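Bear in mind the structure is a predicted one, so any value in this text is a computation, not a measurement. Along the sequence shown, residues are numbered consecutively beginning with 1.
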Amino acid sequence: METSQPTKVTVQAVIQAPVEKVWRYWTEPDHITKWNQASEDWHAPRAENDLRVGGMFLTRMEAKDVSMGFDFGGIYDVVNRHEAIGYTMEDGRRVDIAFVDQGNETKVIETFDAESSNPVEFQQAGWQAIMDNFKAYTEQN
């Protein structure tokens, strides 16, 4: 039986905010619901986050016209405050996020296992759009 390693995809942004604020906005449900969507016609009406190794998270993502939606969730494998988060999604794919403290700014680097249903470029564009929304929300609030 042949097994293949999943394609790793990376998105990133430099946020003009200290790591403490970036961490809080990335991990607190009240903030997650404000930035976690890839386009203006989607939103995240609900988020739950048990931020600890073995803890679960769930974000409800829906089209604003209610035509479709899905739950995005997983279980944390790594939680190093202000430094790194790693989790396994419900379908077994891995995500690793690094928070690089650069003083008054923070570099966020997110690497995820691509799924096989959609082109890698499409997935990267969607995850980068969410990262860009996070950057804009964090810098404006």
Participant: For residues A13 and M131, report the shortest heavy-atom separation together with the two atoms involved.
Facilitator: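 Scanning both residues completely, I find the closest heavy atoms to be CB-CG, 3.7 Å.
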
Participant: Should Q12 and V100 count as side-chain neighbours, where that means a heavy-atom distance under 4.5 Å?
Facilitator: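 No; the side chains remain at least 4.5 Å from each other.
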
Participant: Do T27 and I85 have side chains that approach each other closer than 4.5 Å (heavy atoms only, starting at C-beta)?
Facilitator: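 Side-chain contact under 4.5 Å: yes.
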
Participant: Tell me if a side-chain donor or acceptor on K64 pairs with a main-chain N or O of E40 at a distance below 3.5 Å.
Facilitator: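 Yes; judged by distance alone, with no hydrogens or angles, the pair exists.
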
Participant: For residues 104-120, pull every pair meeting salt bridge (Lys or Arg N to Asp or Glu O under 4.0 Å), keeping only residues two or more places apart or in separate chains.
Facilitator: K8-D113

Participant: On a heavy-atom basis, which atom in G86 and which in D96 lie closest, and how many Å separate them?
Facilitator: CA-OD1, 3.7 Å

Participant: Does R60 reach the side chain of L58, with side-chain heavy atoms less than 4.5 Å apart?
Facilitator: no

Participant: Taking the side chain as every heavy atom from C-beta outward, state whether Q102 and V14 have any pair of such atoms under 4.5 Å apart.
Facilitator: yes

Participant: Under the ring pair (Phe, Tyr, Trp, His ring centres under 6.0 Å) rule, collect the residues that match up with W26, sequence neighbours excluded.
Facilitator: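 Applying ring pair (Phe, Tyr, Trp, His ring centres under 6.0 Å) to W26 gives W35, F99, F134.
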
Participant: According to a 4.5 Å side-chain heavy-atom criterion applied to Ile, Leu, Val, Met, Phe, Trp and Tyr, with indirect links allowed, do V11 and W42 form part of one hydrophobic cluster?
Facilitator: yes

Participant: Under the side chain to side chain contact (heavy atoms under 4.5 Å, CB included) rule, collect the residues that match up with I75, sequence neighbours excluded.
Facilitator: M56

Participant: CD/Q140 to NZ/K135 distance, rounded to the nearest 0.5 angstrom?
Facilitator: 10.0 Å

Participant: Are there more than 12 heavy atoms of other residues, nucleotides or ligands under 6.0 Å from atom CZ of R24?
Facilitator: yes

Participant: Which atom names give the shortest non-hydrogen contact between T10 and Q124, and what distance separates them?
Facilitator: O-NE2, 3.0 Å

Participant: How would you list, by chain and number, every residue that makes a salt bridge (charged side-chain N to carboxylate O under 4.0 Å, His left out) with D91, sequence neighbours excluded?
Facilitator: R93

Participant: Can you tell me how far the CD1 atom of I32 sits from the CG atom of N49, to the nearest 0.5 Å?
Facilitator: 4.5 Å

Participant: Is there side-chain contact between Q37 and N133, with at least one heavy-atom pair below 4.5 Å?
Facilitator: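 Yes, their side chains come closer than 4.5 Å.
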
Participant: Pair Q123, T7 - check side-chain contact (heavy atoms from CB on, under 4.5 Å), show working.
Facilitator: CA-CA 11 Å; Q123 295 173 66; T7 300; over 6 Å; no

Participant: Would you say E28 and L51 make side-chain contact, with heavy atoms under 4.5 Å?
Facilitator: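 When only atoms from C-beta onward are counted, L51 and E28 do not touch, as no gap falls below 4.5 Å.
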
Participant: Who passes ring pair (Phe, Tyr, Trp, His ring centres under 6.0 Å) against Y25, sequence neighbours left out?
Facilitator: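 Y25: ring pair (Phe, Tyr, Trp, His ring centres under 6.0 Å) contacts with H31, Y137.
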
Participant: If you define the side chain from C-beta out and look only at heavy atoms, does anything of D65 sit under 4.5 Å from D41?
Facilitator: no

Participant: Taking a hydrophobic cluster as the set of Ile, Leu, Val, Met, Phe, Trp and Tyr residues connected by side-chain heavy atoms closer than 4.5 Å, whether directly or through intermediates, do V120 and I130 fall within one such cluster?
Facilitator: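 Yes: a chain of side-chain contacts under 4.5 Å links V120 to I130.
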
Participant: Does some side-chain heavy atom of M68 sit less than 4.5 Å from a side-chain heavy atom of F70?
Facilitator: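 With C-beta onward as the side chain, the pair stays apart.
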
Participant: Quick check for you: to the nearest 0.5 Å, what is the distance between I15 atom CD1 and E139 atom CD?
Facilitator: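 Interatomic distance, I15 CD1 to E139 CD, rounded to 0.5 Å: 6.0 Å.
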
Participant: Could I get the full list of ring pair (Phe, Tyr, Trp, His ring centres under 6.0 Å) partners for F72, not counting sequence neighbours?
Facilitator: F57

Participant: Could you measure the distance from the CG atom of N104 to the CG atom of D101? Nearest 0.5 Å is fine.
Facilitator: 9.0 Å

Participant: Where is the tightest heavy-atom contact between D30 and K34, given as atom of each residue plus distance?
Facilitator: O-NZ, 3.0 Å

Participant: Would you give the length of the straight line joining atom CD of E90 to atom CG of D71, rounded to the nearest 0.5 angstrom?
Facilitator: 7.5 Å

Participant: Looking at every non-hydrogen atom in both residues, tell me the closest pair between A17 and T138 and how far apart they are.
Facilitator: CB-CG2, 4.2 Å

Participant: Can you list the steps and then say if D50 with E48 is a side-chain contact (heavy atoms from CB on, under 4.5 Å)?
Facilitator: CA-CA 7 Å; D50 182 7; E48 301 168 16; over 6 Å; no

Participant: Roughly how far, to the nearest 0.5 Å, is the CG atom of N80 from the CH2 atom of W23?
Facilitator: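 These two atoms lie 7.0 Å from each other.
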
Participant: Looking at A38 and A129, what are the two nearest heavy atoms and their distance?
Facilitator: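 Looks like O-CB, 3.4 Å.
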
